[in-house]
Amino acid sequence: MSGGDYTFGDSDLAARRLALVAATFARTTRQFLLTRAGAAPGFAVDLGCGPGFTTELIRATVGPARILGVDASPAYVAAAAKRLADDRTRLLCADVLDLPLEVTDADLIFARMLLTHLRDPLAAIDVWRGRLSERGALLLEEVDGVATEDPTLAGYLDLQRQMLAANDHLLDIGPKLDEGLREHPALRSNAVAEFSPPAAVAARMFAMNLETWRDRPEVTAAHEPEELNALAAALERIAQGEAEATITWRLRQLVLTAPE
């Protein structure tokens with residue numbers, strides 16, 4: 001997916017979690033694409049495409065003549081190609097920070113929740129803008145913040161922030177992007193969309209994430225197995241509807257144009 005260590009993995013479990021993420025955030029992303037991508041771009045690129053769920057959404061929403069999904073995981077690229085590849089849809093295994101020359105003159109480049117996993121997101125944006133066509137647009141959708149008063153969901157989010165920070169990554173990257181780009185001459189849109197999925201769905205995503213990365217050394221060094229087991233059990237109770245909670249995402253949606 002990204003240049004460097006993707007902390008959420010590319011296992012079967014991680015792929016199932018991305019399917020749940022795709023279904024959960026589809027409405028917000030679809031509206032962003034409809035209002036900002038333009039109709040029927042000639043060539044669209046989906047960076048960090050994973051198993052291809054966002055590639056599929058872009059294809060169905062704006063109908064590009066050609067679309068290329070790019071991810072560093074061979075497993076994800078193979079899964080996406082098996083489901084999506086056709087005369088106008090290609091999948092490419094490549095580092096999003098070291099794109100091959102064929103990724104150029106794109107009318108649309110899209111990335112969702114990718115910059116949060118990169119150590120220098122602003123530099124990555126400059127790289128991607130350089131692959132746009134003269135009138136192309138770079139659309140970015142990232143987490144600006146996640147609000148909940150539930151101690152279990154909040155506890156998971158704190159743990160995730162710690163794990164990402166240990167890898168020089170940032171969960172709530174939206175404010176950093178806002179600060180770094182608000183005066184950028186190529187910035188055409190900078191907005192925040194709020195979205196409140198069912199807490200049971202959020203807890204299911206969180207439980208799948210926790211299972212994926214709970215054994216990473218940066219996590220086990222700071223947290224005892226009993227603590228992680230208790231968190232997993234509490235998340236499962238919310239996922240099963242046995243405990244009530246609310247949660248709201250703020251999603252930073254940015255549009256930038258090509259260098260002049």
Side-chain angles (χ1 to χ4, degrees), residues 1-2 6 8 14-41 43-64 66-71 73 76 79-80 83-84 88-89 91 96 106-118 121 124-125 128-129 132 136-147 170-175 177-178 181 187-198 201-202 204-206 208-209 247-257:
M1 178 177 286
S2 63
Y6 179 54
F8 288 71
R16 294 198 304 275
R17 174 255 178 190
L18 287 176
L20 182 57
V21 169
T24 303
F25 290 91
R27 182 180 60 82
T28 305
T29 299
R30 184 181 295 111
Q31 187 62 32
F32 181 37
L33 289 166
L34 284 171
T35 57
R36 296 298 179 183
F43 178 37
V45 179
D46 179 22
L47 295 177
C49 68
F53 301 117
T54 46
T55 310
E56 191 171 20
L57 181 61
I58 294 166
R59 190 174 69 175
T61 302
V62 299
R66 293 185 298 126
I67 185 167
L68 177 68
V70 181
D71 201 279
S73 164
Y76 279 164
R83 194 175 77 258
L84 299 176
R88 65 187 182 108
T89 306
L91 287 304
V96 297
D107 302 301
L108 168 65
I109 297 179
F110 177 79
R112 181 176 71 182
M113 300 180 190
L114 174 58
L115 292 169
T116 193
H117 299 287
L118 302 183
I125 289 170
W128 301 339
R129 287 181 55 239
L132 290 169
L138 170 63
L139 272 63
L140 305 168
E141 190 172 35
E142 296 286 340
V143 174
D144 199 74
V146 189
L170 183 63
L171 173 63
D172 310 297
I173 196 171
L177 296 175
D178 176 46
L181 296 170
L187 185 66
R188 295 295 175 266
S189 179
N190 180 4
V192 172
E194 289 195 355
F195 175 59
S196 299
V201 174
R204 175 59 60 206
M205 288 190 293
F206 290 174
M208 297 169 86
N209 273 344
I247 187 166
T248 298
W249 266 264
R250 287 169 50 87
L251 299 172
R252 177 73 55 176
Q253 297 175 331
L254 299 150
V255 181
L256 295 100
T257 54

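We number each residue from 1, following the sequence as shown.
- L108 is not listed as a side-chain neighbour of P64, based on a closest heavy-atom distance of 4.5 Å or more.
- Between V70 and C49, every side-chain heavy-atom pair lies at or beyond the 4.5 Å cut-off.
- Note that the CG atom of L140 and the CE atom of M113 stand 12.5 Å from one another [nearest 0.5 Å].
- Partners of R88 by salt bridge (charged side-chain N to carboxylate O under 4.0 Å, His left out), not counting sequence neighbours: none found.
- Under the side chain to side chain donor-acceptor pair (under 3.5 Å) criterion, T257 pairs with no residue at all, not counting sequence neighbours.
- By the 4.5 Å heavy-atom criterion applied to side chains, L256 and L181 are counted as neighbours.
- With a 4.5 Å cut-off on side-chain heavy atoms, R112 and F32 do not count as touching.
- In this structure, CD in Q253 is found 7.0 Å from OG1 in T28, a value given to the nearest 0.5 Å.
- One finds the CZ atom of R30 at 12.5 Å from the OG1 atom of T35 (value rounded to the nearest 0.5 Å).
- The closest side-chain heavy-atom distance from F195 to T24 is below 4.5 Å.
- Annotation: side chain of D46 is not in contact with side chain of L57 (no heavy-atom distance under 4.5 Å).
- Note: F25 and W249 have perpendicular aromatic rings, judged against thresholds of 30 and 60 degrees for the angle between ring planes.
- A 4.5 Å side-chain heavy-atom check between V62 and P41 finds at least one atom pair inside the cut-off.
- Atom CD of E56 is separated from atom OG1 of T89 by 9.5 Å, given to the nearest 0.5 angstrom.
- Side chains of L115 and L177 form a contact here, defined as non-hydrogen atoms less than 4.5 Å apart.
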